[in-house]
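Please read the structure below before turning to the comments.
Per chain, numbering begins at 1; letters A, B, ... match sequence-line order.
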Number of protein chains: 2
Amino acid sequence: MTPLVKGSARMPRSVDVARLAGVSQKTVSRVLNNEPYVSADVRQRVLDAADQLGYRLNNAARTLASGRTRSIGVVSLGTALFGPASLLIGVERAVRDAGYALRIVNTLEGDAPDIAGAVESLLEQGVDGIVISEPIDEQTEPVRVDVPVLSLGAPSAFAAPRVLTTGVSTELLARVATEHLLDLGHASVHHLAGPQRWYAARDRLEGWRAALQARDRHEPAVLHGDWSAASGYAAGRELAGDREVTAVFAANDDMAIGVIRALLEAGRRVPEDVSVVGFDDIPVAAYVTPPLTTVRQPFDAVATEGIKLLVRAIEQPQADLPPAAGQPVELVVRSSTAPPPRTTRGRRRATSD
Amino acid sequence: MTPLVKGSARMPRSVDVARLAGVSQKTVSRVLNNEPYVSADVRQRVLDAADQLGYRLNNAARTLASGRTRSIGVVSLGTALFGPASLLIGVERAVRDAGYALRIVNTLEGDAPDIAGAVESLLEQGVDGIVISEPIDEQTEPVRVDVPVLSLGAPSAFAAPRVLTTGVSTELLARVATEHLLDLGHASVHHLAGPQRWYAARDRLEGWRAALQARDRHEPAVLHGDWSAASGYAAGRELAGDREVTAVFAANDDMAIGVIRALLEAGRRVPEDVSVVGFDDIPVAAYVTPPLTTVRQPFDAVATEGIKLLVRAIEQPQADLPPAAGQPVELVVRSSTAPPPRTTRGRRRATSD
DNA sequence: CTGAAAGCGCTAACAC
DNA sequence: GTGTTAGCGCTTTCAG
């Protein structure tokens with residue numbers, strides 16, 4: 001009468017392995033944890049015995065006895081948006097490479113209570129560290145957490161032993177995108193921002209603004225979308241009516257594609273009449289009409305870097321945390337951007353002909 | 001000297017709660033597990049005490065004592081492709097709704113050894129059930145698993161107590177897409193298939209073939225892509241050279257967008273000269289030029305249905321498994337499809353004028 | 001280098 | 001309705 005039977009036979013335990021290998025249970029534990037001070041001979045005997053029995057370490061027992069779960073929890077957004085999804089993939093790989101298991105909780109809205117609840121549920125499941133993938137709202141009141149927290153992107157209000165932050169400065173990327181347009185000769189650049197509750201959206205807005213201010217350009221009213229192509233389309237219709245508009249920087253590619261669609265439908269050519277830059281370099285960006293100029297985020301590098309920091313905070317609680325390394329920035333110029341039309345009021349001078 | 005301290009203070013245990021509430025430790029356990037036979041008064045006292053202490057159940061101890069992990073593992077593909085990502089989100093939600101935690105392992109290639117390894121690692125972490133999200137290769141030799149396995153899409157070779165399968169018949173969706181083109185009057189339909197290692201790709205290919213055969217149409221040579229817009233573009237260039245081509249069904253939207261791009265560059269209009277249908281209805285599908293006709297998969301319904309089955313298999317090992325319910329099929333007609341040009345050799349007759 | 005004893009914090013079975 | 005008694009299968013001391 002063994003209630004823990006999963007399959008037909010009882011699961012072998014480490015004592016069974018020990019018995020078969022003719023050693024103590026503790027020695028089995030040593031071998032399986034790659035601890036030193038085990039003779040090669042004994043090690044091999046144990047390994048063989050384990051293999052023969054189809055033995056598998058019981059994770060719950062390990063965790064209970066050691067107090068370490070060897071797993072990392074991530075709070076993610078329940079969205080198939082390219083950015084968050086790509087980041088999550090990078091995080092999974094990095095976590096696995098570091099020898100940890102991954103536990104995921106998605107939040108629907110990503111607002112403060114949602115995130116707090118998700119963190120709570122991860123803590124209950126047992127995790128050694130937590131990653132907040134796309135932080136949205138600032139936490140109003142700090143959540144108390146007893147493991148290190150990595151916030152990918154935004155600083156967040158967690159009262160944890162260690163709070164870490166990495167991420168590219170997407171602000172820098174936004175600046176680069178805007179400058180590209182300015183360099184082409186546009187007098188100014190309109191911005192279609194993402195939902196301002198997202199840190200990523202605010203960050204890009206700031207980058208755009210900084211680029212404009214650095215060159216002392218007029219700052220047009222900001223339009224707001226929700227990351228969707230549909231919202232980009234709606235904004236594009238507004239933009240199409242305004243003849244002043246010669247350049248648009250959208251906070252992601254989906255919205256940029258929506259903007260272009262609206263512009264084309266209104267009879268404004270892209271890039272001849274209006275240039276459009278996106279953000280993310282989604283896989284289809286090179287194949288829409290016209291191929292989209294955009295900037296690319298190094299999701300994988302960000303994830304790798306972030307998890308490295310988190311794991312260090314978990315395993316060496318005392319050590320100093322090195323500052324996050326800067327990530328490369330990549331502008332991908334395609335055909336949706338060009339110099340402004342001649343009749344523009346821009347301070348550009350006709351270049352030839 | 002308590003090694004399990006995570007924060008500054010020792011984590012409270014259920015005995016601490018019991019002491020504070022003036023009951024036995026077992027009663028605390030009862031309350032926290034929502035077991036019956038606890039008076040409302042005692043229940044409230046326990047809850048208050050737990051709250052006051054900031055008590056949190058220790059999952060490892062629960063698991064060890066009960067033999068149930070209350071978590072489900074998913075083997076997923078490390079890709080940000082819209083389909084797999086959307087499915088994963090649905091799975092996460094369904095798993096959470098069922099009161100289980102989620103453990104994820106991505107595979108890079110999704111081939112047999114990869115999947116076997118991923119399953120092994122989930123088993124070691126401890127899971128009550130396993131979901132194989134986008135099955136690729138058939139397993140050559142069955143993997144022995146002692147928990148129920150849900151294969152989302154394809155039947156797979158797991159020697160598990162129960163192996164379940166759900167998923168829309170994407171074969172049916174492919175047939176609907178092909179029939180749409182045929183109904184418009186096209187003599188036949190070319191197919192740009194996905195990588196044939198993917199079950200999803202083989203399934204769609206079959207649906208396309210079935211539609212053609214049902215109407216006794218000529219079956220053109222199949223083109224192959226890798227799901228990417230780039231591969232669609234390459235295939236599109238081939239297609240553009242062949243004047244016989246008036247209709248193309250691509251196995252996903254990204255490839256369809258690549259095909260359209262190549263067609264347009266070659267001077268073939270879409271849909272006037274060639275109609276193109278995609279698959280998935282990715283968010284930008286409605287905003288590319290021309291807006292893409294496509295079919296939509298009910299990811300959420302598939303996930304919900306599948307997890308429901310899996311949870312039943314976990315919690316009621318003896319019960320019969322109801323067959324998976326059929327899912328609705330949705331064809332989204334936009335502007336990338338139209339009747340074939342007049343000069344076509346198709347058996348269609350001019351309709352008017 | 002190896003082993004024996006003592007829990008980790010909870011649930012399960014059974015008593016009261 | 002509630003409490004008591006045993007473990008769950010490991011890791012952690014601490015001896016040899």
Task: pair B/Leu150-B/Ile132: side-chain heavy atoms closer than 4.5 Å - done: no
Task: Nearest listed nucleotide, side chain of B/Arg13, among C/dT11, C/dG9, C/dT2 - done: C/dG9
Open item on the list: From CG of B/Leu32 over to P of C/dG9, roughly how many Å is that when rounded to an integer?
Closed with: 15 Å
Open item on the list: Assess whether a salt bridge exists between A/Lys308 and A/Asp97, defined as any Lys/Arg side-chain N lying under 4.0 Å from an Asp/Glu carboxylate O.
Closed with: no
- [ ] Report yes if a side-chain nitrogen or oxygen of A/Ser29 is closer than 4.0 Å to either non-bridging phosphate oxygen (OP1 or OP2) of D/dT11; otherwise report no.
- [x] yes
- [ ] Can you tell me the distance, in whole Å, between the CG atom of A/Leu64 and the C1' atom of D/dC8?
- [x] 9 Å
Task: Upstream residue (5' side of DNA chain D) when B/Ala61 and B/Gln25 are each assigned their closest nucleotide - done: B/Gln25
Open item on the list: On DNA chain C, does the nearest nucleotide to B/Arg30 precede the nearest nucleotide to B/Leu57 from the 5' side, or the other way round? Give the residue.
Closed with: B/Leu57
Task: Side-chain N,O (B/Ser39) to OP1/OP2 (D/dT2) below 4.0 Å - done: yes
Task: Interatomic distance where CG belongs to B/Asn34 and C1' belongs to C/dC10 [whole Å] - done: 16 Å
Open item on the list: Just by distance, no angles: are the side chains of A/Arg93 and A/Thr304 close enough, under 3.5 Å, to form a donor-acceptor pair?
Closed with: yes
TODO: Grab the OH-C1' distance between A/Tyr37 and C/dG3 for me, whole Å please.
DONE: 17 Å
TODO: In plain terms, say whether B/Asp48 and B/Arg45 are close enough for a salt bridge, that is, a side-chain N and a carboxylate O under 4.0 Å apart.
DONE: no
- [ ] Please state whether the phosphate of C/dC10, meaning OP1 or OP2, lies under 4.0 angstrom from any side-chain nitrogen or oxygen of B/Ser14.
- [x] yes
Open item on the list: To check you understand the geometry: which heavy-atom pair defines the closest contact between B/Ala98 and B/Val311, and what is its length?
Closed with: CB-CG2, 3.8 Å
Task: Between P of D/dG9 and CZ of B/Arg68, the distance in whole Å - done: 17 Å
TODO: Report yes if at least one side-chain N or O of A/Ser24 is closer than 4.0 Å to OP1 or OP2 of C/dG3; otherwise report no.
DONE: yes
Task: Rounded distance in Å - CZ (B/Arg56) to C1' (C/dC10) - done: 17 Å
Open item on the list: What is the distance, to the nearest angstrom, from the CD atom on A/Glu124 to the P atom on C/dG9?
Closed with: 16 Å
- [ ] Look at the side chain of A/Lys26 and decide which nucleotide, out of C/dA4, C/dG9, C/dG7, has an atom nearest to it.
- [x] C/dA4
- [ ] Take the protein atom CZ of B/Arg62 and the nucleotide atom P of D/dG9, then report the distance between them rounded to whole Å.
- [x] 18 Å
TODO: State whether A/Thr27 places a side-chain N or O below 4.0 Å from either non-bridging phosphate oxygen (OP1 or OP2) of C/dT2.
DONE: no
- [ ] Give a yes/no on whether any side-chain N or O of B/Asn33 is located under 4.0 angstrom from OP1 or OP2 of C/dT11.
- [x] yes
- [ ] Just call it for B/Val42: base, sugar-phosphate, or nothing, with non-hydrogen atoms closer than 4.0 Å on any strand.
- [x] sugar-phosphate
